Amino acid sequence: MITEKQDCPDNIGKCGLLVGGSGLIGGGILHYFKTHVGGGFELLGPNSKQLSLRAPEDIRHHIRRHRPEFIINCAIAALDSNPLLAYQINYLGALHLARAALEQGIPYIHFSSAAVLPPGENLTEQDRLELTAELPNYPKSKLLAELALAEMHRKHGLDYTSIRLGVVYGAHDHKIQGFHRMMFAIADQIMPMLFTNRRAAHSYTNAAKIPPFVHHILNHREEFGGKTWHFVDPEAVLLSKLILTIKAYLQAKRPWKLFLPYPVAHFGTGIIHFLIRLMGRIGIDARMPAELLFMEQFYQTQTLSCSHLQESSFVDPKPEATVFTELPHLLEYYLTRWEALNLITSFNKEFFDCGRESEDFVRDPARLLERLER
Ligand SMILES: NC(=O)c1ccc[n+]([C@@H]2O[C@H](COP(=O)([O-])OP(=O)(O)OC[C@H]3O[C@@H](n4cnc5c(N)ncnc54)[C@H](OP(=O)(O)O)[C@@H]3O)[C@@H](O)[C@H]2O)c1
């Protein structure tokens with residue numbers, strides 16, 4: 001959702017520029033600032049055609065025209081993008097925005113990812129992968145951006161905050177990525193077995209808590225500036241438990257409770273990769289599902305420490321919420337949406353009452369008109 005406003009009004013204390021407002025995280029922040037934050041803040045959310053991070057002149061034009069007082073970057077290239085897009089959007093785009101913030105002397109809020117971290121437990125903000133040429137495009141570009149921002153802070157005093165997210169869960173992920181892709185695979189019954197092991201656990205981030213955090217850090221620059229913060233739920237989540245809980249909610253038959261060993265999963269992924277290349281040779285356009293690029297992570301534990309965040313002045317607005325408590329709502333939201341878009345057919349439709357609302361429209365349209373007369 002993009003605000004229609006084009007100029008920052010003079011009477012508003014803080015007017016910001018948000019890039020990536022049509023995405024899961026950016027959309028939530030735009031919505032929050034429009035509906036929850038009265039008076040104090042106003043956000044401009046140009047779409048990627050109005051402001052593309054691949055076009056530095058777009059950024060200069062927006063900054064000159066609207067003179068924002070802070071910048072939030074929620075833009076990201078698709079996970080399976082080629083190196084050029086990952087480089088231009090995730091790294092160079094972040095750099096252009098940070099330079100603009102530096103020139104204007106305004107804060108720059110950046111979103112980073114657990115993808116910059118190695119496997120391990122209770123990883124801190126100081127942990128990072130080693131920067132090597134062999135890293136896949138997404139972690140390499142996110143890591144480069146983090147390192148460059150830290151350098152710009154050290155050398156030039158850039159006022160920035162980098163927020164590292166875990167696996168994000170929340171409504172309105174219209175591209176069906178990450179955790180929501182996994183939910184989709186279970187709902188669509190295309191996950192026959194557990195593509196994980198008994199021990200693999202990860203950190204999750206509640207998308208609904210991100211906007212209040214951004215609001216808080218904008219109001220507390222001293223405390224939150226010049227640093228990276230882990231923003232995740234305190235409890236790590238066992239991937240197998242989460243998959244089986246989703247299966248139970250959906251009353252689905254699959255995935256069977258069989259753990260597919262990693263070497264077999266890896267071999268299977270290799271076969272898919274080979275078939276896709278073969279199809280390309282005979283003119284059929286096919287792509288590797290982006291999530292299969294992260295297959296290894298399904299088998300490795302990676303949990304982020306949030307003790308730094310817990311010791312900060314930020315108060316969790318809903319400490320009891322976890323991915324498990326939010327599942328019923330998320331499933332209801334996504335199943336309704338996916339069913340409406342004809343994306344899934346095979347789950348128990350009665351379970352969440354999906355489709356009932358349009359039953360008369362489908363079976364007995366005259367009833368709709370009868371009801372109108374009452
Ligand atoms: N979702 C997660 O699970 C997760 C986990 C860890 C970290 N993060 C981080 O959180 C941030 C936001 O992720 P998300 O999940 O909200 O992503 P998303 O839903 O895929 O949204 C990406 C946004 O980037 C915009 N964009 C793409 N190319 C652009 C360009 N050239 N110029 C300007 N905007 C462009 C897209 O606009 P169009 O739709 O117009 O292309 C869209 O608004 C990213 O930094 C990501 O690394 C996300």
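Worth saying up front: this structure is predicted, and the values here are computed from it rather than measured. Ligands are counted one by one from 1 in listed order, and the atoms in each one are counted from 1 as well. Sequence positions, counted from 1, serve as the residue numbers for this chain.
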Note the single closest protein heavy atom to [atom], along with its residue, its atom name and the distance in Å.
atom: atom 33 (C) of ligand 1; answer: Leu51 O, 3.4 Å
atom: atom 17 (O) of ligand 1; answer: Ile76 CG2, 3.3 Å
atom: atom 21 (O) of ligand 1; answer: Gly23 CA, 3.2 Å
atom: atom 19 (O) of ligand 1; answer: Leu24 N, 2.9 Å
atom: atom 4 (C) of ligand 1; answer: Val168 CG2, 3.5 Å

Within reach of ligand 1, part of [X] (heavy-atom separation under 4.0 Å):
X: Tyr138; answer: side chain
X: Ala114; answer: neither
X: Lys142; answer: side chain
X: Val19; answer: side chain
X: Lys175; answer: side chain

Numbering the atoms of ligand 1 from 1, which are under 4.0 Å from a heavy atom of [X]?
X: Gly20; answer: 23 (C), 24 (O), 25 (C), 43 (O)
X: Ile25; answer: 10 (O), 12 (C), 13 (O), 14 (P), 16 (O)
X: Ser22; answer: 36 (C), 37 (O), 38 (P), 39 (O), 40 (O), 42 (C), 43 (O)
X: Phe111; answer: 10 (O), 11 (C), 45 (O)
X: Leu53; answer: 30 (C), 31 (N), 32 (N), 33 (C)

CA sep, side-chain torsions, deciding dist, call: Leu343, Ile176, side chain to side chain contact (heavy atoms under 4.5 Å, CB included): CA-CA 11 Å; Leu343 293 176; Ile176 323 179; 3.9 Å; yes
Near-ring test His110/Tyr160, centroid separation under 6.0 angstrom: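 No, the ring centres sit 6.0 Å or more apart.
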Return yes or no for this condition: an N or O of [X] is under 3.5 Å from an N or O of ligand 1.
X: Gly166; answer: no
X: Ile89; answer: no
X: Gln177; answer: yes
X: Asn73; answer: no
X: Val167; answer: no

So do the side chains of [X] and [Y] get within less than 4.5 Å of each other, counting heavy atoms only?
X: Ile109; Y: Ile71; value: no
X: Ile243; Y: Met182; value: yes
X: Phe70; Y: Lys14; value: yes

Neighbour count above 12 (heavy atom, 6.0 Å) for Glu130 CD: no
Option of least heavy-atom distance to atom 23 (C) of ligand 1 (set: Gly28, Cys74, Gly26, Ser162):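 Checking each option, the heavy atom nearest atom 23 (C) of ligand 1 is found in Cys74.
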Heavy-atom contact check, 4.0 Å cutoff: does [X] meet ligand 1?
X: Ser52; result: yes
X: Gly27; result: no
X: Ser48; result: yes

Going by atom types alone, do [X] and [Y] pair a side-chain donor with an acceptor below 3.5 Å?
X: Arg199; Y: Ser240; value: no
X: His216; Y: Ser313; value: yes
X: His202; Y: Tyr204; value: no

Any carboxylate oxygen within less than 4.0 angstrom of a Lys/Arg side-chain nitrogen, looking at [X] and [Y]?
X: Lys318; Y: Glu326; result: yes
X: Glu151; Y: Arg154; result: yes
X: Arg164; Y: Glu146; result: yes

Stepwise ring pair (Phe, Tyr, Trp, His ring centres under 6.0 Å) check, Phe213 with Phe314: CA-CA 7 Å; Phe213 182 57; Phe314 177 70; 5.0 Å; yes
Row check, Tyr334 ring normal vs Arg337 NZ/CZ: under 6.0 Å, within 45°: no
